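In what follows, a structure is listed as structure tokens, so that the remarks can point back to it.
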Amino acid sequence: MLKSSKGIIYILICVLLIISLSGVSYYGYKTFYIEKEIAEPSEYKHHIVLIAEEIDNEYWRLVEEGAKKAAAENDIYLEYVGPLKADNDQLLKLFDRMISVKVDGIIIQGVEGAEFSELVFKGTERHIPIITIDTDVKDSVRKAYVGTDNFYAGQLVGEAMIKNTVGKQFVGIVTGRYDSINQQERMAGFEEAIKLVERIQIVGSQESNITQIGAAQATYTLLKEHPSITALVGLSALDGLGIVEGLNEIAPFKDVYITAFDVLPRTLSLIRNGEIDVTIAQYPKEMGYEAMKLMMKLQKQDILDNEVYTRTQIVEKQDVDRLRQGEFN
Ligand code: BGC
């Protein structure tokens, strides 16, 4: 009797143990196993990497979308990476790491300085084709550039300002980052366009660090230092939004002519309601898509056409509806 009750207790303990062990392993699996939606790179023909200036920036997400579309159509594994906050050192480290793991191709924003060109050289020596996107570094050995002609885009800012304003204009510039080549080129294009127009003068510039809040702060500083400002120009995608935010906070009734960059949905809304006068459209999805297509060609042979300029245009209130109907997708 004693023996059989001991046996029952023993069996019960075993059953409980089995139940709890299977519970732990089931829930443990659910908690720690991250399901991979994308199959392993080894299942694909090619593994291509796209390196963004800042991973979660709305503009770069559009570049990613375009590149992903081309990747899906062609059975390519696309890895999208980038620093959490714009930072050249981190971007260069990522670039170096991707060269070391010998991916099949790298699409990357061009960065100022010798280190970038040296890495392009290192990658090319290891037979990894490299394409610059959004920003070019012409004197590197990159196979091609895909993106806006940034000097021309800057000229468009100037042309629109000449056309849309009358009388003296004192211009404040909000630039993404001083050490970004595309910002320098846009600025040079703008200066070139207004150089013979005496009534338009640049009075100061500030960096936004490519964030909306940074652009709002830059606007605040510019207006404090130069109360004469009559026009503000944002040179990167979130600057126009930050300029409007900054102005609404500190000088809501001041009449300022505003130029933004890019056609993010929020920028288009501000154009529609008259808070932004003009924006310069770029086509980031097209950049991503075209860069991937070129990268596929490069997997087989070298290419001749190594400068692919995507479209750029001035967008004003009367254009917004056309854009909403899909012109920009
Ligand atoms: C530029 C990108 C930049 C982005 C920042 C765009 O206008 O072309 O280089 O990363 O703005 O928001």
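Any value given below was found using the heavy atoms of this structure, including those in side chains, with hydrogens, waters and symmetry copies removed. What you see is a predicted model; the values in this text were computed from it and never measured. Remember, it's 1-based here, ligands and their atoms both numbered in the order they're listed.
Proximity of Gln282 to ligand 1, defined as any heavy-atom pair under 4.0 Å, is confined to the side chain (atoms from C-beta onward). The part of Arg186 lying near ligand 1 is the side chain, judged by heavy-atom distances below 4.0 Å. Under 4.0 Å from ligand 1, the heavy atoms of Gln109 that appear belong solely to its side chain.
With hydrogens and angles left out, the side-chain atoms of Arg199 and Thr165 include a donor and acceptor closer than 3.5 Å. In summary, the side chains of Glu245 and Tyr220 do not present any donor paired with an acceptor at a separation below 3.5 Å, with no hydrogens or angles considered. Side chains of Asn182 and Ser180: a donor-acceptor N/O pair is present below 3.5 angstrom, by distance only.
Close approach to Trp60 involves these atoms of ligand 1, each under 4.0 Å from a residue heavy atom: 3 (C), 10 (O). Annotation for ligand 1: atoms under 4.0 Å from non-hydrogen atoms of Asp134 are 1 (C), 2 (C), 8 (O), 9 (O). Residue Ser236 has at least one heavy-atom neighbour below 4.0 Å for each of these atoms of ligand 1: 7 (O), 11 (O). Residue Asn182 approaches ligand 1 through these ligand atoms, each under 4.0 Å from one of its heavy atoms: 1 (C), 2 (C), 8 (O), 9 (O).
Atom 5 (C) of ligand 1 has Asn57 ND2, 3.5 Å as its closest protein atom, hydrogens excluded (heavy atom only). Atom 3 (C) of ligand 1 has its closest protein heavy atom at Glu53 OE1, 3.4 Å. At the top of the distance list for atom 11 (O) of ligand 1, counting protein heavy atoms only, stands Ala237 N, 2.9 Å. Among all protein heavy atoms, the one lying closest to atom 6 (C) of ligand 1 is Asp262 OD2, 3.4 Å.
Counting only heavy atoms from C-beta outward, the side chains of Ile133 and Trp60 approach each other to under 4.5 Å.
Of the charged side-chain nitrogens involved, at least one lies within less than 4.0 Å of a carboxylate oxygen, so that Glu64 and Arg61 count as a salt-bridged pair. In summary, Lys68 and Glu65 do not engage in a salt bridge, as defined by a charged side-chain N under 4.0 Å from a carboxylate O.
With respect to Thr230, the side-chain hydrogen bond (donor to acceptor under 3.5 Å, both in side chains) criterion is satisfied by exactly one of Lys254, Gln201, Gln169: Gln169.
Connectivity analysis of hydrophobic side chains (ILVMFWY, heavy atoms under 4.5 Å, direct or indirect) links Ile99 to Val49, Ile51, Val81, Leu91, Leu92, Leu94, Phe95, Met98, Val101, Val103, Ile106, Ile108, Val111, Phe116, Leu119, Val120, Phe121, Ile128, Ile130, Val137, Val141, Ile181.
Under the 4.0 angstrom criterion for non-hydrogen atoms, Gln212 is not in contact with ligand 1.
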